[in-house]
Protein chains: 2
Amino acid sequence: MNLSPSAAAGGGLPDQPASPEVSEEHKCLNSELWHACAGPLVSLPAVGSRVLYFPQGHSEQVSASTNKEMESQIPNYPNLPAQLICQLHNVTMHADAETDEVYAQMTLQPLSPQELKDPFLPAELGNASKQPTNYFCKTLTASDTSTHGGFSVPRRAAEKVFPPLDFTQQPPAQELMAKDLHGNEWKFRHIFRGQPKRHLLTTGWSIFISAKRLVAGDSVLFIWNDNNQLLLGIRRANRSQTVMPSSVLSSDSMHIGLLAAAAHAASTNSRFTIFYNPRASPSEFVIPLAKYVKAVYHTRISVGMRFRMLFETEESSVRRYMGTITGISDLDPARWPNSHWRSVKLDGMSQLLERGNQGCLYGRLSL
Amino acid sequence: MNLSPSAAAGGGLPDQPASPEVSEEHKCLNSELWHACAGPLVSLPAVGSRVLYFPQGHSEQVSASTNKEMESQIPNYPNLPAQLICQLHNVTMHADAETDEVYAQMTLQPLSPQELKDPFLPAELGNASKQPTNYFCKTLTASDTSTHGGFSVPRRAAEKVFPPLDFTQQPPAQELMAKDLHGNEWKFRHIFRGQPKRHLLTTGWSIFISAKRLVAGDSVLFIWNDNNQLLLGIRRANRSQTVMPSSVLSSDSMHIGLLAAAAHAASTNSRFTIFYNPRASPSEFVIPLAKYVKAVYHTRISVGMRFRMLFETEESSVRRYMGTITGISDLDPARWPNSHWRSVKLDGMSQLLERGNQGCLYGRLSL
DNA sequence: TTGTAGGCTTGTCGCCGACAA
DNA sequence: TTGTCGGCGACAAGCCTACAA
């Protein structure tokens with residue numbers, strides 16, 4: 001019997017579907033878990049609503065993923081404006097089969113001048129991403145990922161999201177089953193022992209760690225949902241970006257492809273498809289139109305204005321920071337004249353701006 | 001100290017460079033090993049020569065890699081002909097850092113009508129890929145890849161490519177060092193033992209197998225080159241295509257990107273960059289111009305004509321098959337009128353045509 | 001409360017020849 | 001000639017408590 005390293009670990013390994021990409025297409029991902037993995041700041045516009053699509057932001061996602069800047073020889077697309085008002089026909093949530101990276105596929109259709117005159121529908125502000133209530137997220141320590149032991153569950157976390165243990169047993173222990181994004185089930189022994197007493201996941205843990213190739217610094221996320229199911233997600237640390245295998249298409253062609261696809265769709269008012277990868281992309285590039293209109297026309301952004309901005313903490317909760325806008329400029333005025341995809345200078349926040357540092361104002365700032 | 005599974009295996013593991021993608025750029029890959037991994041049928045046109053670039057074939061490479069056919073909403077590029085005569089400015093050989101997949105990067109520049117009038121240079125037929133002489137390639141068995149043992153070296157192979165053992169020792173054994181495509185060194189114990197006697201690689205073998213994630217059916221390839229160095233390459237089995245993570249860009253955009261990049265380069269006579277991935281691509285799409293001219297103008301392909309075609313055997317040698325052409329048609333006459341990227345019907349060869357079944361005539365057929 | 005070190009048990013890796021295809 | 005099996009020893013994975021931050 002021959003087994004690959006990860007499959008060999010496999011006593012507790014779930015069966016892999018025969019053709020992952022096919023079942024991937026049709027399986028409906030658990031939305032709750034997807035949003036938890038994407039993080040509290042990521043929301044997806046509602047299907048049917050009108051959105052603004054920024055090719056420049058989309059381009060930044062490709063740059064961030066391929067680790068290559070766009071080069072000079074990019075053709076001009078005179079018919080492609082810096083932002084495109086679109087109808088959002090479809091949104092589906094996905095997870096990469098290899099890495100569990102979450103991403104969304106969206107079908108957009110640029111609106112004709114006629115359609116642009118339609119009044120707003122009330123739903124267009126987009127429903128905020130509902131984060132689950134019964135969940136916890138922990139960044140893995142060296143001990144958690146070493147081959148030498150199991151997973152140390154923070155006490156409050158275990159009490160909040162795991163089913164209660166039967167403390168009449170000695171030691172108290174139970175078996176936990178958790179489903180990941182692909183619907184695969186993972187089995188863990190949950191035990192409460194040691195001096196002082198603590199919650200641990202032992203048997204099954206190292207199989208999970210090695211199958212998902214998790215290392216110290218990555219995070220795991222447990223959710224106890226309303227159907228009394230345990231869900232299990234992961235978030236990898238931002239380790240020098242996943243180098244996307246570009247052995248098939250140059251990154252230049254990718255940039256051109258995204259621009260040409262948008263330009264073509266704009267000129268023919270036809271549908272096009274994009275992928276939004278919230279943890280790879282520096283910022284959101286598909287924004288609810290209503291949110292944008294509110295920010296631009298009702299609250300003009302200007303130097304000196306006070307703002308607040310949301311950030312994600314290590315434990316996946318949200319923190320607010322206040323600041324003042326000290327400068328505004330277009331990032332690439334030659335290529336994208338009058339783009340609202342602007343770079344904003346803020347006071348004293350440089351250390352916070354790891355992700356989203358050139359993020360679209362309308363996605364993250366509140367005024 | 002925390003280590004990922006493969007790194008943890010690491011007693012004999014070579015040091016990983018600090019920033020693999022950067023050193024990758026500047027390191028010169030071993031050409032001999034690259035060609036051996038690419039296979040005996042793959043040749044690269046000479047730098048400076050004139051070549052024919054087929055966007056349609058390039059598109060097929062993307063389809064094969066993403067497992068997605070091109071969809072309907074592709075814009076037209078009226079200025080993009082089915083084939084583009086280009087100057088080949090640069091060719092570099094690469095290997096994917098994750099998978100060791102070999103690919104080539106080429107810089108092409110469409111020729112102006114003026115330049116097209118230049119006479120051929122003698123070198124333009126392209127030098128055939130020189131396959132190394134002292135090498136062997138073996139498809140791994142279940143035993144070779146199991147955690148239970150080492151690698152059984154075919155007798156003739158060991159005698160041909162490994163340094164001779166000292167048979168006065170009991171048992172005869174030596175240490176072998178082999179360099180892979182990235183220049184990393186792997187250390188193996190080569191021993192001649194058992195009843196009956198055989199050549200085995202033991203210590204170091206399973207570290208290599210698990211680091212490269214090889215499974216039964218994949219192949220390994222040892223070369224003893226003229227500098228008395230041992231080189232080591234791998235060829236993965238065609239297992240339902242490597243599903244390329246496309247969580248960043250839709251495959252439609254990739255197709256459009258390649259077409260738009262070529263169209264833009266054609267209209268401005270400027271350089272563009274493509275990747276040719278010989279084992280992912282169904283066929284060659286950059287062909288020496290001289291080869292093409294010879295095939296089209298000197299030997300018109302027609303129904304009834306006898307031909308021979310080269311194929312690769314499991315052991316990486318070349319086998320010839322003879323046949324008769326029974327039909328010729330353009331694959332996609334609507335999109336590519338008068339393309340020479342044709343589909344040829346052949347007699348009784350269906351079972352042979354796993355790869356290259358829609359391959360460019362001029363690359364693989366000899367008349 | 002929770003991370004890491006260290007002891008102890010046990011499972012698996014990996015080297016070996018036997019045997020048969 | 002070479003693929004797979006059963007054997008067996010070495011060693012590391014993995015469960016446990018102690019201790020300290």
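Every chain is numbered from 1 and lettered A, B, ... according to where its sequence line falls, protein lines coming before strand lines.
We find that CZ of Arg156(B) is positioned 9 Å from C1' of dT1(D), with the value rounded to whole Å. Taking atom CZ of residue Phe208(A) and atom C1' of nucleotide dG14(D), one finds them 18 Å apart after rounding to whole Å. One atom, CG of Leu140(B), and another, P of dT4(D), lie 11 Å apart when rounded to the nearest Å. Atom CD1 of Ile207(B) is separated from atom C1' of dG14(C) by 11 Å (rounded to the nearest Å). Distance Phe151(A) CZ to dG14(D) P: 16 Å, rounded to the nearest Å. The interatomic distance linking Ile209(A) (CD1) with dG14(D) (C1') rounds to 14 Å, in whole Å. The NE2-P distance, from His199(A) to dT2(C), rounds to 9 Å in whole Å.
Between Thr141(B) and dT4(D), a side-chain N or O to OP1/OP2 separation shorter than 4.0 Å is present. Contact annotation: Lys138(B) side-chain N/O to dT1(D) OP1/OP2 distance is not under 4.0 Å. OP1 or OP2 of dG14(D) has at least one side-chain nitrogen or oxygen of Ser206(A) nearer than 4.0 Å. Ser143(A) has a side-chain polar atom (N or O) that falls below the 4.0 Å cut-off from OP1 or OP2 of dT4(C). Distances shown here put a side-chain N or O of Ser152(A) below 4.0 Å from the OP1 or OP2 atom of dG3(C).
Classification of the Phe222(A)-Phe162(A) ring pair by plane angle, with boundaries at 30° and 60°, yields perpendicular. Relative orientation of the Phe208(A) and Phe188(A) rings is perpendicular, given thresholds of 30° and 60° on the angle between their planes.
Judged purely by atom type and a 3.5 angstrom limit, Asp166(B) has no side-chain atom pairing as donor or acceptor with the backbone of Pro172(B). Formation of a donor-acceptor pair under 3.5 Å by the Asn227(B) side chain with backbone atoms of Gln229(B) is not found in this model.
Using a 4.0 Å heavy-atom distance criterion, Lys197(B) is classed as a base contact.
Among all heavy-atom pairs drawn from Asn30(A) and Leu231(A), the shortest one is ND2-CD1, 3.4 Å.
Comment: Lys212(A) engages Asp180(A) in a salt bridge, judged by a side-chain N to carboxylate O separation of less than 4.0 angstrom.
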Go along nucleotides 15-21 of chain C 5' to 3' and tag each nucleotide: B for a protein heavy atom under 4.0 Å from its base, S when only backbone or sugar atoms are that close, - otherwise. BBBBBB-
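Counting heavy atoms of neighbouring residues, nucleotides and ligands inside a 6.0 Å radius, atom CG of Asp226(A) does not exceed 12 of them.
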